[in-house]
Amino acid sequence: MANRLTIDRTREKAQISRHIYGHFAEHLGRCVYEGIWVGEDSPIPNTRGIRNDVVAALRAIKVPLVRWPGGCFADEYHWMDGIGHRENRKEMINTHWGNLVENNHFGTHEFFDFCEQVGCEPYVAGNLGSGTLQEMSEWVEYMNFDGKSPMTQMRAANGREEPWRLRYFGIGNENWGCGGKMRAEYYADEYMRYATYCRDYPNAKLYRIAAGPRKDNYHWTKVLMENAGMYMDGLALHYYTRLEDTSMVTKLPDGNARYARNPNVKSYSATQFERKEWDIVMRESWFTEELMTRHSAIMDAYDPDKKVALIVDEWGTWFAVEPGTNPGFLYQQNTLRDALVAGMHLNIFNNHADRVRMANIAQMINVLQAIVLTDGEKMVLTPTYHVFDMFKVHQDAMLLDHNLLSDGFEVDGKTIPQVNASVSRNAEGKIHITLCNVNPENGAEVECFLDGIGAGSNLTGTVLTSDRMNAHNDFDRPEDIKPAAFTGYRTENGKLTVEMPSKSVVLLTIG
Ligand code: AHR
């Protein structure tokens with residue numbers, strides 16, 4: 001059967017928020033230290049301690065937003081330790097990630113400077129798990145108040161007169177797990193208490209984000225929406241694509257769940273894998289479609305006007321760390337398989353743009369499904385980076401109504417679509433179609449039906465693929481896999497036929 005994509009150019013369904021193309025940077029391994037921050041005295045070219053090559057790479061793909069400082073780290077971070085003269089900053093132990101000494105050299109001022117250099121929105125996650133309400137409230141005052149107060153005087157003494165006017169603020173992280181092992185009912189109450197004292201200041205209205213569910217914990221979504229939905233702007237889901245679920249889940253009679261790490265689960269390599277592992281990763285990645293649909297349906301029941309965004313705060317692949325690296329640093333390589341996972345997720349998020357208005361891949365640099373890897377002064381762009389580069393055309397564009405009938409791709413008795421897609425029109429009227437063919441052996445013919453398409457249409461294409469499932473870029477071969485011009489399509493009146501290679505991500509631009 002041919003795959004058929006029917007596009008209705010007259011029907012715009014929603015605007016695709018550029019924040020769907022967001023990123024997550026935690027004080028974990030070499031993400032912040034080395035990946036972003038090298039210090040002013042480093043031989044690595046930097047601007048006020050922030051490395052120039054990374055900033056340029058992030059600007060090139062129009063990174064719209066970065067979430068910081070964690071993750072689990074956020075719920076043990078005390079922001080006052082990270083301000084003032086760097087040599088006087090208090091050290092702490094990063095107990096979640098390797099028990100390393102954190103010198104707090106990258107703090108609030110450095111984070112905002114980084115965002116200004118990248119040209120992106122900051123998203124700060126506050127400490128509800130181990131911090132006090134006063135501490136969180138004062139952080140917001142420090143960042144956002146434009147008047148005279150103890151916090152703003154401290155800010156000025158630290159070199160910043162003007163408030164930053166932060167918009168996106170998270171109230172805790174994974175509070176069902178590393179953020180305090182709370183029940184949904186307890187967290188909902190705590191959320192409201194903390195959110196109340198995170199004030200809106202003049203010209204600085206906060207967009208409050210509640211810690212959302214783990215994966216398919218629908219109870220959490222229901223309880224949060226029922227009790228606190230009217231006091232939040234976003235609910236932040238976390239879901240990682242893995243070969244095995246590494247958590248042991250105990251369901252409690254009241255609907256809550258307890259999570260514990262399963263010590264017996266094998267870790268799978270990011271680069272050394274067989275066809276079977278490719279397939280399972282595709283299946284687990286496609287599970288995101290179900291998560292978006294089912295969590296959105298619960299939210300619809302309490303919030304039919306879709307005021308509260310479903311935010312996919314952390315997503316991406318989670319494999320074994322590279323051999324010989326610190327297990328607490330979560331450093332993994334990134335292959336064509338990760339690129340397919342990225343393309344699939346971004347297509348899914350685009351297609352749910354009416355409810356999904358932010359998503360942050362975990363994590364930006366040197367951790368999990370990174371877009372950038374560094375080794376001292378060297379930097380390499382991963383296949384996932386190239387997908388974000390190709391898909392950036394969807395940022396703030398209008399999602400066009402479309403219907404895709406795809407061949408199936410069977411994985412252990414479960415069938416997922418072989419091809420996934422999303423379609424948008426940007427402000428200049430250009431239509432962009434992004435397509436992923438998850439089959440690592442077979443190509444896919446996709447017939448696209450779009451009114452007005454024909455021989456005279458102005459069409460260009462880009463493809464990311466390789467003859468190897470595990471193609472990846474490394475410091476000695478930085479361009480082993482990169483996007484190339486794509487011409488595998490033909491047009492007839494009203495129909496565009498695309499011949500997708502196996503295991504490929506394709507971008508088509510019309511107009
Ligand atoms: O991204 C790594 C960790 O995964 C984050 O710190 C945490 O929020 C999640 O469990």
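Quick caveat: nothing in here was measured; it's all calculated off a predicted structure. Every number for a ligand or one of its atoms is a count from 1 in the order of the listing.
- Using a 30° and 60° split on the angle between ring planes, Trp315 and His345 fall in the parallel class, below 30°.
- Neither the backbone nor the side chain of Phe73 has any atom closer than 4.0 Å to an atom of ligand 1 (non-hydrogen atoms only).
- Side chain to side chain, Asn351 and Glu289 fail the donor-acceptor criterion of an N or O pair below 3.5 Å.
- Within ligand 1, the atoms closer than 4.0 Å to a non-hydrogen atom of Cys72 are 5 (C), 6 (O), 7 (C), 8 (O), numbered from 1 in the order shown.
- Using cut-offs of 30° and 60° for the angle between ring planes, the Trp139 and Trp68 rings count as perpendicular.
- When heavy-atom distances to ligand 1 are checked against a 4.0 Å cut-off, Glu314 comes that close only through its side chain, counted from C-beta outward.
- Of all protein heavy atoms, the one lying nearest to atom 6 (O) of ligand 1 is Glu26 OE1, 2.7 Å.
- Of the protein's non-hydrogen atoms, the one nearest atom 3 (C) of ligand 1 is Trp97 CZ2, 3.7 Å.
- Judged by a 6.0 Å distance limit and a 45° cone about the ring axis, Arg67 is not positioned over the six-membered ring of Tyr168.
- Here is the list of ligand 1 atoms found below 4.0 Å of a heavy atom in Phe24: 1 (O).
- Not one N or O of Cys178 is nearer than 3.5 Å to an N or O of ligand 1, by distance alone.
- Contact check on Arg89 versus Glu110 returns a salt bridge, with a Lys/Arg side-chain nitrogen under 4.0 Å from an Asp/Glu carboxylate oxygen.
- Cysteines Cys178 and Cys72 place their SG atoms closer than 2.5 Å to one another.
- Close approach to Leu368 involves these atoms of ligand 1, each under 4.0 Å from a residue heavy atom: 1 (O), 2 (C).
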(message) Using the rule given for ring pair (Phe, Tyr, Trp, His ring centres under 6.0 Å), can you reason through Trp220 versus His295, listing the C-alpha separation, both sets of side-chain angles and the distance that settles it, and then say yes or no?
(response) CA-CA 10 Å; Trp220 187 278; His295 284 290; over 10 Å; no

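- Comment: Arg208 engages Asp200 in a salt bridge, judged by a side-chain N to carboxylate O separation of less than 4.0 angstrom.
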(request) Take His109 and Tyr142 through the ring pair (Phe, Tyr, Trp, His ring centres under 6.0 Å) test and state the conclusion after the steps. (result) CA-CA 11 Å; His109 291 251; Tyr142 187 89; 5.7 Å; yes

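- Those atoms of ligand 1 with a heavy atom of Asn173 less than 4.0 angstrom away are 8 (O).
- Counting atoms of ligand 1 from 1 in the listed order, those under 4.0 Å from a heavy atom of Gly71 are 5 (C), 6 (O), 8 (O).
- Regarding atom 10 (O) of ligand 1, its nearest protein heavy-atom neighbour is Glu174 OE1, 2.8 Å.
- Counting heavy atoms closer than 4.0 Å to ligand 1, residue Trp318 contributes side-chain atoms (C-beta onward) but none from N, CA, C or O.
- Closest protein heavy atom to atom 1 (O) of ligand 1: Tyr240 OH, 2.7 Å.
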